[in-house]
Amino acid sequence: MAKIKAIRGMNDILPEQTPWWQFLEESTQSVLSSYGYQEIRTPIVEQTDLFKRSIGEVTDIVEKEMYTFADRNDESLTLRPEGTASCVRACEEHGLLFNQVQRLWYAGPMFRYERPQKGRYRQFHQIGVETFGMQGPDIDAELILIGARLWKKLGVDQAVSLQLNSLGSSVARQAYKEDLVAFLSKHVDELDADSRRRLQSNPLRILDSKDPKTQALLHQAPDFHAYLDDESRQHFQQLCEYLDAAGIPYVINPRLVRGLDYYGKTVFEWVTDRLGAQGTVCAGGRYDGLVEQLGGRATPAVGFALGVERLILLLESEAGLAAERLQQADIYLLPLGAEASKAAMQLAEGLRNETGLRVLLGCGGGSFKSQMKRADKSGAEIALLLGEDELSQQRVTAKPLRSGEEQQAISWQALSSYLNNRFKS
RNA sequence: GUGGGCGUAGCUCAGUUGGCAGAGCUCCGGAUUGUGAUUCCGGCGGUCGUGGGUUCAAGCCCCAUCGUCCACCCCA
């Protein structure tokens, strides 16, 4: 019988890895909480239409990357490919956007049917941050400051840089798109195949093309910044002033175009050159039109999402997080024989009550030698030996595992204070 | 969806012009009956990804297929 394996592109995160996940999650949560952001949790499955209407019908995500299936009642459901749509839906559904301001975050798995590669998986994790009801560039700047603070906290601030652009109003964007298509259509034969296709599907993406001939052609194309409406221009300039004042370096990248249809005005990406092809570690922008598009009252909104897997790859490459053996426990209580084992379980409970130390109890028997090996492997500082002699005298033998110190006998009564004393640092 | 690299023990990998399936690490046991981590000895562990084909003989050659990694597309 064939072995059952995990689904392609969906990874198990093993005990060796989870400390980095916890580190990232805890760091993010504490940073967000220090800015007054609140967590929201939404289901990972939604009606398919939610994503079609928010992300855009003709995007790659909707056309070929969604995990879509029929529920038992034939309703079309989809595993969320991103978090913003669900967040907006939930806020709207529960009246969180009516005459108020929201600063929210969420974390969890997203699903896209793509070919896996470094930093890209079919089930991947994002931590998303969304704000509603604030139209000024100050909130855009705040989101960027949150990112900057987080990179510092994680120790990757030297590895990432900020790219910034404005996509303008939808009217300006539409006008530009038409002129760009008109221009490029006259030079179809000079375009690479991918860009030719994008002429239909997503013309702005052509600006991003890696093809040198296409890039050369783009020099003569209409300049997007000339199309920017006054309001967007001003918004963008003010954002830059906020960032200058905060001392946040950035690069204005006029070719930065986000993939999802709902973005307008501010867009930004935190990128790194240390992860191969998947350089975007965090990205976001303003989506003032989305709430209304999903049936709510017009509400300004900005947000971003960071890719957890990519950030963890970066942590590993930067902070040298891979290295050391993980210390699983502080003390390893090692009973010998059935009677000792019963007493040891009680003793361990008592130590957990009285010391707050991590106490690993040797279970499952085995020879003394193999028990000692397990004690060593656990990374514990001290092994507490409990055999027949110790049992009859209500003592343990405390053996330091990480130094040359002599072992010594300690009475059960004095054990907690001995350990508390030893581990207070 | 497209292109390339790689699939041999739990892990990391050798395997010669086609000729008995290997090492290191891990794990278990012993040297040392209650002292780990160092050392020495022994042991457990294999559908050589899968299915066909060529051959007296295939881990090795051919075809197909699956998986994985990297890249394209696209995206966090």
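Here the structure is a predicted model, which means the values were calculated and not measured. Here is the naming used below: chain letters follow the sequence lines, and residue numbers restart at 1 for every chain.
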S.K.: Can you check whether A:Lys373 has a side-chain N or O nearer than 4.0 Å to OP1 or OP2 of B:U35?
M.R.: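 Answer no for this pair, as no side-chain N or O of A:Lys373 is under 4.0 Å from OP1 or OP2.
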
S.K.: Mind checking if A:Tyr121 touches a base, just sugar-phosphate, or nothing, with heavy atoms under 4.0 Å?
M.R.: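 Contact class for A:Tyr121: base.
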
S.K.: Would you say the side chains of A:Gln278 and A:Gln117 form a donor-acceptor pair under 3.5 Å?
M.R.: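 The criterion, which ignores hydrogens and geometry beyond distance, is satisfied for A:Gln117 and A:Gln278.
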
S.K.: Indicate whether any N or O donor in one side chain lies under 3.5 Å from an N or O acceptor in the other, for A:Glu130 and A:Tyr287.
M.R.: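 Indeed, the side chains of A:Glu130 and A:Tyr287 share at least one donor-acceptor pair under 3.5 Å.
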
S.K.: May I ask you to say what A:Glu390 touches in the nucleic acid, namely base, sugar-phosphate or nothing, with a heavy-atom cut-off under 4.0 Å?
M.R.: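 Base contact.
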
S.K.: Check the distance between B:G1's P and A:Ile61's CD1 and give it to me in whole angstrom.
M.R.: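 Computing the A:Ile61:CD1 to B:G1:P distance gives 18 Å.
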
S.K.: Sort out for me which residue in A:Leu361, A:Leu384, A:Asp330, A:Leu357 forms a side chain to side chain contact (heavy atoms under 4.5 Å, CB included) with A:Leu351.
M.R.: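 Exactly one candidate clears the test, A:Leu384.
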
S.K.: CZ of A:Arg8 versus C1' of B:G1: gap in Å, rounded?
M.R.: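 From A:Arg8 CZ to B:G1 C1': 12 Å.
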
S.K.: Can you measure A:Leu150 atom CG to B:A76 atom P for me and round it to whole angstrom units?
M.R.: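 Those two atoms, CG and P, are 18 Å apart.
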
S.K.: Decide whether A:Thr280 and A:Glu269 meet the rule of one side-chain donor and one side-chain acceptor closer than 3.5 Å.
M.R.: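 Checked: A:Thr280/A:Glu269 side chains pair up, N/O donor to acceptor below 3.5 Å.
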
S.K.: In whole Å, measure the gap between the C1' atoms of B:G45 and B:G29 for me.
M.R.: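 Rounded to whole Å, the distance is 15 Å.
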
S.K.: Whether the side chain of A:Gln407 and the base of B:G34 hold a donor-acceptor pair under 3.5 Å is what I'd like checked.
M.R.: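 Under the 3.5 Å cut-off, the side chain and the base do not form any donor-acceptor pair.
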
S.K.: Do the side chain of A:Arg120 and the base of B:C70 come within less than 3.5 angstrom through a donor-acceptor pair of N or O atoms?
M.R.: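 It does not, because no donor-acceptor pair links the side chain of A:Arg120 to the base of B:C70 below 3.5 Å.
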
S.K.: Charged N to carboxylate O under 4.0 angstrom, A:Arg352 versus A:Glu349?
M.R.: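 The answer is yes: the pair qualifies as a salt bridge.
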
S.K.: Assess whether side chain to side chain donor-acceptor pair (under 3.5 Å) is satisfied between A:Ser411 and A:Gln413, documenting all intermediate values.
M.R.: CA-CA 5 Å; A:Ser411 75; A:Gln413 221 174 14; 5.1 Å; no

S.K.: Tell me the interatomic distance from A:Ile7, atom CD1, to B:U68, atom C1', rounded to whole angstroms.
M.R.: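 Checked: the CD1 to C1' distance equals 15 Å.
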
S.K.: Mark yes or no for a side-chain to base donor-acceptor pair under 3.5 Å between A:Arg205 and B:C74, with no hydrogen or angle criteria applied.
M.R.: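 No pair found.
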
S.K.: Reckon A:Gln117 has a side-chain N or O less than 4.0 Å from the OP1 or OP2 of B:A71?
M.R.: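 Answer yes for this pair, as a side-chain N or O of A:Gln117 is under 4.0 Å from OP1 or OP2.
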
S.K.: Report the residue (A:Asp194 or A:Thr280) whose heavy-atom-nearest nucleotide on RNA chain B is the more 5′ of the two.
M.R.: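 So the residue in question is A:Asp194.
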
S.K.: What does A:Leu311 touch in the nucleic acid at a heavy-atom separation under 4.0 angstrom: a base, only the sugar-phosphate, or nothing?
M.R.: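 No contact at all - A:Leu311 keeps every heavy atom at 4.0 Å or more from the nucleic acid.
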
S.K.: Categorize A:Arg198 for me: base, sugar-phosphate, or nothing, with a 4.0 angstrom heavy-atom threshold over every strand shown.
M.R.: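 Sugar-phosphate, backbone atoms only, no base.
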
S.K.: For A:Lys118, report the nucleic acid contact type (base, sugar-phosphate, nothing); a contact means any heavy atom under 4.0 Å.
M.R.: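 Sugar-phosphate contact only.
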
S.K.: What contact category does A:Glu65 fall into here, base, sugar-phosphate, or nothing, at under 4.0 angstrom with non-hydrogen atoms?
M.R.: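 If one applies the 4.0 Å heavy-atom cut-off, A:Glu65 turns out to touch the sugar-phosphate alone, with no base involved.
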
S.K.: Heavy atoms under 4.0 Å, any strand shown: does A:Gly119 hit a base, just sugar-phosphate, or nothing?
M.R.: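 Base, at least one base heavy atom under 4.0 Å.
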
S.K.: Could you tell me whether the side chain of A:Arg115 has a donor or acceptor atom within less than 3.5 Å of a complementary atom in the base of B:U2?
M.R.: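 Per atom types, the contact qualifies.
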
S.K.: For a quick check under 3.5 Å, do A:Tyr37 and A:Glu142 share a side-chain donor-acceptor pair by atom type?
M.R.: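 Short answer, yes.
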
S.K.: Just checking A:Val281: base, sugar-phosphate only, or nothing, at a heavy-atom cut-off of under 4.0 Å?
M.R.: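 Here A:Val281 touches the backbone only, sparing every base.
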
S.K.: Could you tell me how far apart A:Ile382 (CD1) and B:G36 (C1') are, to the nearest whole angstrom?
M.R.: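 Interatomic distance, CD1 of A:Ile382 to C1' of B:G36: 14 Å.
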
S.K.: Whole-Å distance between B:A76 P and A:Glu114 CD?
M.R.: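 That distance rounds to 9 Å.
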
S.K.: Starting at NZ of A:Lys369 and ending at P of B:U35, how long is that distance when rounded to a whole Å?
M.R.: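 Rounded to the whole Å, the gap is 10 Å.
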
S.K.: With both distances kept under 3.5 Å, what pairs with B:U2, Watson-Crick or G-U wobble?
M.R.: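 Pair assignment: B:U2 / B:A71.
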
S.K.: Say you pick atom P in B:C61 and the same atom in B:G43; how far apart are they, in whole Å?
M.R.: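 Nearest-Å result for B:C61 against B:G43 at atom P: 33 Å.
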
S.K.: Using atom P in both nucleotides, what's the gap between B:U12 and B:G53 to the nearest angstrom?
M.R.: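 Nearest-Å result for B:U12 against B:G53 at atom P: 32 Å.
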
S.K.: Specify the separation, in whole Å, of atom CD1 of A:Ile206 and atom C1' of B:C72.
M.R.: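 Going from A:Ile206 (CD1) to B:C72 (C1'), I get 17 Å.
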
S.K.: Could you work out the separation of B:G1 and B:C62 based on their C1' atoms and round it to a whole Å?
M.R.: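 Nearest-Å result for B:G1 against B:C62 at atom C1': 28 Å.
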
S.K.: Considering only atom P, compute the distance from B:C25 to B:G42 and round it to an integer number of Å.
M.R.: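 The answer is 13 Å between these two P atoms.
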
S.K.: Please determine whether a side-chain nitrogen or oxygen atom of A:Ser367 lies at a distance below 4.0 Å from atom OP1 or OP2 of B:C28.
M.R.: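 For B:C28, OP1/OP2 do not have a side-chain N/O of A:Ser367 under 4.0 Å.
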
S.K.: If you measure from the P atom in B:A21 to the same atom in B:A9, how many Å do you get, rounded?
M.R.: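 Each nucleotide's P atom is 15 Å from the other's.
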
S.K.: For A:Arg112, report the nucleic acid contact type (base, sugar-phosphate, nothing); a contact means any heavy atom under 4.0 Å.
M.R.: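 Since a base atom lies under 4.0 Å of A:Arg112, the category is base.
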
